[in-house]
Undergrad: 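Take a look at this one; I'll ask things after.
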Amino acid sequence: MFSFSPAHSLLRHFNFRYTDKKIPFLLILHSPLTSSPTEPCSPQNFDPINATDLIIKQHWSELKSLIGTATTPTQFLNFLFNSNVGSEALLRYFNWSERYYGVSHGLDLNFRLVSSLAIDKRYSDIRARMHSMVKTGLQSNAAIFHTISSSGNQHGMKSILVDMLVLAYVKNSKIQLAVEAFDCSDVYRYKLSVFSCNPLLSALVRDGMVNAVERIYKGMIRRRINPNLITFNTVINGFCKMGALQRAMDLIQDMKSWGFSPSVVTYNTLINGYCKNGESGRMFKADRIFRDMLAENVLPNVVTFNTLIDGYCKDENVGTALSLLDEMKRRELASNVVTYNCLIYGFCSEGDVEKSLGLLEEMKLLDIKPNLITYNGIIGGFCKKGLMEQAKGLLDEMVKTGLIPTIVTYNALLSGFCQLGKMDDALLMHDEISGKGVESIISTYNLLISGLCKTGDMKGVSKLLDVMDEKEVKANQMTYNILIDSLCVKGKPRKGMKLFNEMSEVGLKPSSSTYNALIAGFCGIGNLRTALNLKKRMEKNGNLANVITYNVLIKHMCGRGKHMDANRLLNQMLENGLVPNRDTYDIIRVEMLDKGFVPDIDGHLYNRALC
DNA sequence: GTAGGGTTAG
């Protein structure tokens, strides 16, 4: 490719010898030989052909000598640029020098390189360069856009570069900067493509920044960046995730006007939207979309059925969920691990662990491999019923199949022991898992602390709090609620108040449960005034009093013969739109009868006015 | 300029 004069070979030869001997820097500078092989580069003696050769052949140690110590890697890069060295060598040197010297050549040189790559149509190299530039995050969008706009590239090429910039931000999970670049590109009139806008939209949905989704979508339409089917599916998903189901449905019309028919993914997304975020009658609406889909001859797939099965299970309708599994079999549509996991969790939440076990066997027969989620579900089901031996048996089975239990698995088991009051077993298992290197999370500590509080082992609680300190696991709102509740139940609401005050000191906000525990505590020691003050305080701080708050106060008032006050609170509760529960009725039977409530055949009271 | 970007289980 290049021809070299003998002098060049000689130069390399000397370079080797001198660098091997590590000639001191000053000696090199004062060498009488003006063309000394290790003389640092200068614009005068810089030899682009030799430099290019060394770079292409990746003779980095020779290059290091050539750069010397008087020339900086960036100055050397400038020599390369000014000598019109080809883009291949420029890129190689650029990457090597940034890595080797740990320097960043700055924005201008980055874009000189990118422009050089653009001339040679080396687009994937530009993408990679843009990726590493964005990764360091040293440059602001304002600076980048200024540099791109003042580069010598054509406008179309600048658009391509900006498009790649947006995509690089998205791939580096710098979504806010990607949105900013999306906006900047409008100001500079650079045209982006769906290749960057679609990934941006999907990242926004993924990160829950759904409000930005609509703005970006509208921006695309206004700027004539033509959306495609995937754009619509992504935006529809965004609307579904934010619960704007009608707007999601409206987008179907938009997509049709752009010539796109809803695909199986579109329908699945909408069905999922209704299942997860629909209000009352959500499964009815989800089913209607499913029927629309069939009517439009769009074939449902395993995801469609899984979504519906999960929806029915969560809607406490496992019967319908099972009938859908049959429907899949009729359609010869293969179910998968997700199908079974949905059903297993459905049956476990109904307390029917036996049925879940049956499903696990069915999976094995169908050669569908159960995963961590499968086992966690059934183990959790057993633990909720206090069947710890069966739960541990499954734990052994999952380990045998090569699955590694996580803290979620162990939390289920620990919670089971705690509910049974078997704190020795719980603490023993906790020690065992710590020994295995499974890190406890805050919910682990919370469930153990709660168990210890219930058995009155406050020493054990304080030990655990010490462990949390040591492991730097911070207490959360739940931790405080458990401790405050425990103190209040024991008739020590003032100690509870101390913890309550500590919450704000450590930056935690109390919840309605925090206030309820304290209100019950002060009622318990006959201090109604403080209890009522706490109710005012909770409302002032934006925590609405709920049915439990009212029940506690009403019960206390009834117990002290203050039935009129109790009645006033009941009215306040109804005015605030709260629905009294059976506790409420049982507590103030007399007042309820006065209010026109009548007992049903079970002896419970119902509000005739509401019926 | 590319060829990735969209749906399901805890």
Undergrad: From the options dG5(B), dT8(B), dG6(B), select the nucleotide whose nearest atom is closest to the side chain of Thr307(A).
TA: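 Output: dT8(B).
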Undergrad: Measuring from the side chain of Val194(A) (C-beta onward, heavy atoms only), which nucleotide among dG1(B), dG4(B), dG6(B) has the closest atom?
TA: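 Of all the options, the side chain of Val194(A) is nearest to dG4(B).
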Undergrad: What are the residues of residues 114-123 of chain A, sorted by number, that bring a heavy atom to within less than 4.0 Å of DNA chain B?
TA: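 Tyr123(A) - these, ordered by number, are the residues of the stretch whose heavy atoms sit under 4.0 Å from the strand.
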Undergrad: Side chain of Leu229(A) only, please: which of dG6(B), dA9(B), dT7(B) is the nearest?
TA: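 When the side chain of Leu229(A) is considered, dG6(B) is the closest of dG6(B), dA9(B), dT7(B).
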Undergrad: Could you tell me the separation between the CD1 atom of Ile252(A) and the C1' atom of dG6(B), rounded to a whole number of Å?
TA: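 From Ile252(A) CD1 to dG6(B) C1': 13 Å.
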Undergrad: Grab the CG-P distance between Asp163(A) and dG1(B) for me, whole Å please.
TA: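 About 12 Å, once rounded to whole Å.
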Undergrad: For the side chain of Thr269(A), starting at C-beta, report the closest nucleotide among dA9(B), dT7(B), dG5(B).
TA: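 Of the candidates, dT7(B) comes closest.
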Undergrad: Establish, yes or no, whether a centroid distance under 6.0 Å links the rings of Tyr340(A) and Phe347(A).
TA: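 Aromatic pair excluded; centres sit 6.0 Å or further apart.
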Undergrad: Consider the side chain of Lys276(A), meaning its heavy atoms from C-beta on, and name the nucleotide among dG1(B), dG10(B), dA9(B) that approaches it most closely.
TA: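 Nearest listed nucleotide: dA9(B).
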Undergrad: Side chain of Ser263(A): nearest nucleotide among dG1(B), dG6(B), dT8(B)?
TA: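 Looking only at side-chain atoms, Ser263(A) lies closest to dG6(B).
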Undergrad: For residues Tyr188(A) and His155(A), establish whether the separation of their ring centroids is below 6.0 Å.
TA: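 That pair fails the under 6.0 Å test.
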Undergrad: So which of residues 342-373 of chain A are in contact with DNA chain B, with a heavy-atom cut-off of under 4.0 Å?
TA: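 Heavy-atom cutoff 4.0 Å gives Cys342(A), Tyr345(A), Asn371(A), Leu372(A), Ile373(A).
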Undergrad: Report yes if some heavy atom in the side chain of Asn110(A) is under 4.5 Å from a heavy atom in the side chain of Gln139(A); otherwise report no.
TA: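 When only atoms from C-beta onward are counted, Gln139(A) and Asn110(A) do not touch, as no gap falls below 4.5 Å.
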Undergrad: Compute whether any side-chain donor of one residue and acceptor of the other, for Thr339(A) and Asn336(A), lie under 3.5 angstrom apart.
TA: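 A pair is found: one side chain offers a donor N or O, the other an acceptor, under 3.5 Å apart.
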Undergrad: Counting side-chain heavy atoms from CB outward, which of dT8(B), dG1(B), dG5(B) is closest to Asn272(A)?
TA: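 Given the options dT8(B), dG1(B), dG5(B), the side chain of Asn272(A) is closest to dT8(B).
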Undergrad: For the side chain of Val303(A), starting at C-beta, report the closest nucleotide among dA9(B), dT7(B), dG6(B).
TA: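 The answer is dT7(B), which lies nearest to the side chain.
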